[in-house]
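For reference, the structure is listed below as structure tokens.
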Amino acid sequence: MAKRPFPEPYKIKMVEPVNLRSREERERAIKEAGYNTFLLKSEDVFIDLLTDSGTGAMSENQWAGLMLGDEAYAGSKNFYHLCDSVKDILGYDLVVPTHQGRGAEHLFFQAVLHEGDIVPMNMYFTTTRQHAELAGGVFKDIIIDEAHIPAAEHPFKGNVDLRKLEALVKEFGAERIPWVVLAPSVNMAGGQPFSIANLREVRQFCEAHHIKIALDITRIAENAYFIKVREPEFKDTSITEILHTICSFSDASWMSAKKDGLVNIGGFLGLPEREFELFDKLRNMVVVYEGLHTYGGMAGRDMEALARGLRDVAHFEYLRARVSQVEYLHSRLADAGIPLVNPCGGHGVFLDARSFLPHIDQDEFPAQMLAAQIYAAGGVRSMERGNVSAGRDPKTGENRHPKLELVRLTIPRRVYTQTHMDYAADSIIEVWEKRESIPGLKFVYEPPILRFFQARFEPVG
Ligand code: F0G
């Protein structure tokens, strides 16, 4: 039986109406959107689980902070507040603000990579790999095998397989691997955390081979929660101390603050003092691509909201309510026998579309169609994370056929209630019950890059 979520340590102060369209209207809307949930109008969505990115609700303290925006072009006081929060919560001394995560990824990879450099990561993320490749890098996956198997139970499916990293060093030589890039709460694996024990080992290995570690700390707080509840060494350690410990293993980091920063827009790069040279390079690049080095594409008020959001997120009570809400939706679907990524991750529930729709070939995009059907069933918007998201291999031009063919139901932070989770679960169960009659899809428009955002499809046959 589904376990009830832990109550939220806050109450609702303001509400935003949402529309439930009729089934006919929903069927028309998804057809007009080319069976791509990214192309739906948000007005036509009842419960929006497309992403947890920039979709969270801010606290009263963050909203109050918006009124204190210092919109000076240079040296805004909100930038210095942001630097203080990054130092206090994460421990980094040096901050380069950016408009969001991919702005930071662009600067980072352009700054550190040379043509043909190998970039090991614990699974890929779409924009991260894209920016690494645009800067001449070659992505290599070093996550443990369990991460690619939806049903495999492992408390830290985000961990690195040291043998895979070692094999890359043997094959290419450490000098061709300047950086290893690790993400906490691995997005494409289902929001799966890494452990500090694993991070420690990776650090030791990298130090021995003069390889640096960059962290994509986009969902670091949710990973810190899992460390506290699953890694016995840290059960009495505060979330802030765990955050400091994670960051202490890195030489650079960036954050899409739209997730665990608890803001609607924003990002930054964070570095330790000893990486001043790289920081200086990034600070010189940010003025070309994002904005002055004391705002980097954010308004002063956005930086203030972020400075406060970072302090909001580092609380065990908040994280427990957050993750247990996600776990509630997961257990409702598991109770119905729906194939899922296990264990439940931090930011969403991931449906295993291959097992859900085993009659659809991966080149007819089962996860894409499943997301479309879930919308038609109840106005619940989710996202494909499979063959469409993985794109084509730049060398062969073939679809990449990732092992994981998933639909992601991403839960915005501090936004929906338990009733919304129940409604979403019921809509998905409705699709599960008629799964055999669902056909696959084919492209009618395929963009050349990050194709999942704007692709259009029609049903096969
Ligand atoms: N890194 C990770 C792990 C992400 O999940 C994202 C964004 C980015 C970087 C890029 O950040 O969107 O601020 O430019 N993920 C969103 C998602 C889009 O829906 O998972 P951004």
Side-chain angles (χ1 to χ4, degrees), residues 5-6 9 52 85-86 88-92 121-123 125 142-144 146-147 152-162 180-206 213-251 253-257 259-262 270 272 309-327 330 341-350 411 413:
F6 197 84
D52 62 331
S85 290
V86 171
D88 292 348
I89 304 300
L90 303 166
Y92 294 116
M121 301 187 202
N122 57 345
M123 203 172 265
F125 182 69
I142 54 166
I143 203 163
I144 58 172
E146 286 89 335
E153 292 281 352
H154 187 295
F156 293 107
K157 270 175 136 173
N159 278 355
V160 168
D161 184 337
L162 263 299
V180 164
V181 176
L182 302 180
S185 303
V186 181
N187 192 357
M188 301 302 277
Q192 303 294 332
F194 55 49
S195 68
I196 287 189
N198 184 253
L199 198 51
R200 241 186 230 131
E201 281 179 13
V202 177
R203 181 79 207 174
Q204 266 176 4
F205 180 89
C206 287
I213 296 180
L215 287 177
D216 173 349
I217 57 172
T218 296
R219 294 184 183 83
I220 191 172
E222 288 159 9
N223 198 127
Y225 169 82
F226 285 122
I227 287 171
K228 188 171 169 71
V229 299
R230 292 184 188 166
E231 203 168 356
E233 184 187 340
F234 296 95
K235 72 177 195 320
D236 299 320
T237 311
S238 73
I239 294 292
T240 307
E241 283 173 81
I242 295 174
L243 292 171
H244 275 251
T245 306
I246 297 172
C247 296
S248 72
F249 291 111
S250 71
D251 303 290
S253 72
W254 65 85
M255 182 181 216
S256 164
K259 287 81 166 175
D260 277 350
L262 296 176
L310 287 173
R311 293 184 192 278
D312 275 8
V313 87
H315 287 279
F316 180 69
E317 292 70 25
Y318 155 73
L319 288 166
R320 176 170 54 174
R322 153 77 175 156
V323 174
S324 74
Q325 182 180 46
V326 180
E327 287 170 344
H330 185 277
V341 170
N342 287 326
C344 180
H347 69 307
V349 175
F350 290 64
I411 315 301
R413 296 169 181 79

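Values in this document were obtained by computation on a predicted structure and should not be read as measured data.
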Inset, instruction - Verify side-chain contact (heavy atoms from CB on, under 4.5 Å) between Ile217 and Trp254, making sure each step is shown before the conclusion. - result: CA-CA 6 Å; Ile217 57 172; Trp254 65 85; over 6 Å; no

Taking the side chain from [X] and the backbone from [Y], do they hold a donor-acceptor pair closer than 3.5 Å?
{"X": "Asp260", "Y": "Glu222", "answer": "yes"}
{"X": "His315", "Y": "Ile239", "answer": "no"}
{"X": "Ser185", "Y": "Gly346", "answer": "no"}
{"X": "Lys228", "Y": "Ser238", "answer": "no"}
{"X": "Asn122", "Y": "Ala183", "answer": "yes"}

Any side-chain heavy atom of [X] within less than 4.5 Å of one from [Y]?
{"X": "Arg413", "Y": "Asp312", "answer": "no"}
{"X": "Asn159", "Y": "His154", "answer": "yes"}
{"X": "Phe125", "Y": "Val181", "answer": "no"}
{"X": "Phe194", "Y": "Ile246", "answer": "yes"}
{"X": "Glu231", "Y": "Pro193", "answer": "no"}
{"X": "Cys206", "Y": "Arg203", "answer": "no"}
{"X": "Lys157", "Y": "Val186", "answer": "no"}
{"X": "Val160", "Y": "Val180", "answer": "no"}

Considering all heavy atoms, the nearest [X]-[Y] contact:
{"X": "His244", "Y": "Ile89", "value": "CD2-O, 3.2 Å"}
{"X": "Leu243", "Y": "Ala224", "value": "CD2-CB, 3.8 Å"}
{"X": "Ala152", "Y": "Pro343", "value": "O-CD, 4.1 Å"}
{"X": "Cys344", "Y": "Val326", "value": "SG-CG1, 3.6 Å"}
{"X": "Ser250", "Y": "Pro272", "value": "O-CG, 4.1 Å"}

Inset, instruction - Could you please spell out the steps behind the side-chain contact (heavy atoms from CB on, under 4.5 Å) verdict for Gln192 and Ile143? - result: CA-CA 11 Å; Gln192 303 294 332; Ile143 203 163; over 6 Å; no

Hey, could you give me the [atom1]/[atom2] distance between [X] and [Y], rounded to the nearest 0.5 Å?
{"X": "Leu182", "Y": "Ile142", "atom1": "CG", "atom2": "CD1", "value": "5.5 Å"}
{"X": "Arg219", "Y": "Met255", "atom1": "CZ", "atom2": "CE", "value": "9.5 Å"}
{"X": "Arg230", "Y": "Asn223", "atom1": "CZ", "atom2": "CG", "value": "9.5 Å"}
{"X": "Ser253", "Y": "Ile220", "atom1": "OG", "atom2": "CD1", "value": "7.5 Å"}
{"X": "Glu233", "Y": "Ile242", "atom1": "CD", "atom2": "CD1", "value": "10.0 Å"}
{"X": "Leu199", "Y": "Ile213", "atom1": "CG", "atom2": "CD1", "value": "6.0 Å"}

Inset, instruction - State which residue, out of Asn187, Ile411, Val323, Thr218, fulfils the side-chain contact (heavy atoms from CB on, under 4.5 Å) condition with His347. - result: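 The residue from Asn187, Ile411, Val323, Thr218 that satisfies side-chain contact (heavy atoms from CB on, under 4.5 Å) with His347 turns out to be Asn187.
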
Inset, instruction - Check the pair Asn198, Phe156 against side-chain contact (heavy atoms from CB on, under 4.5 Å), reporting the backbone distance first and the verdict last. - result: CA-CA 9 Å; Asn198 184 253; Phe156 293 107; over 6 Å; no

Inset, instruction - For the pair Ile227 and Thr245, evaluate side-chain contact (heavy atoms from CB on, under 4.5 Å) and give the outcome as yes or no after the intermediate values. - result: CA-CA 11 Å; Ile227 287 171; Thr245 306; over 6 Å; no

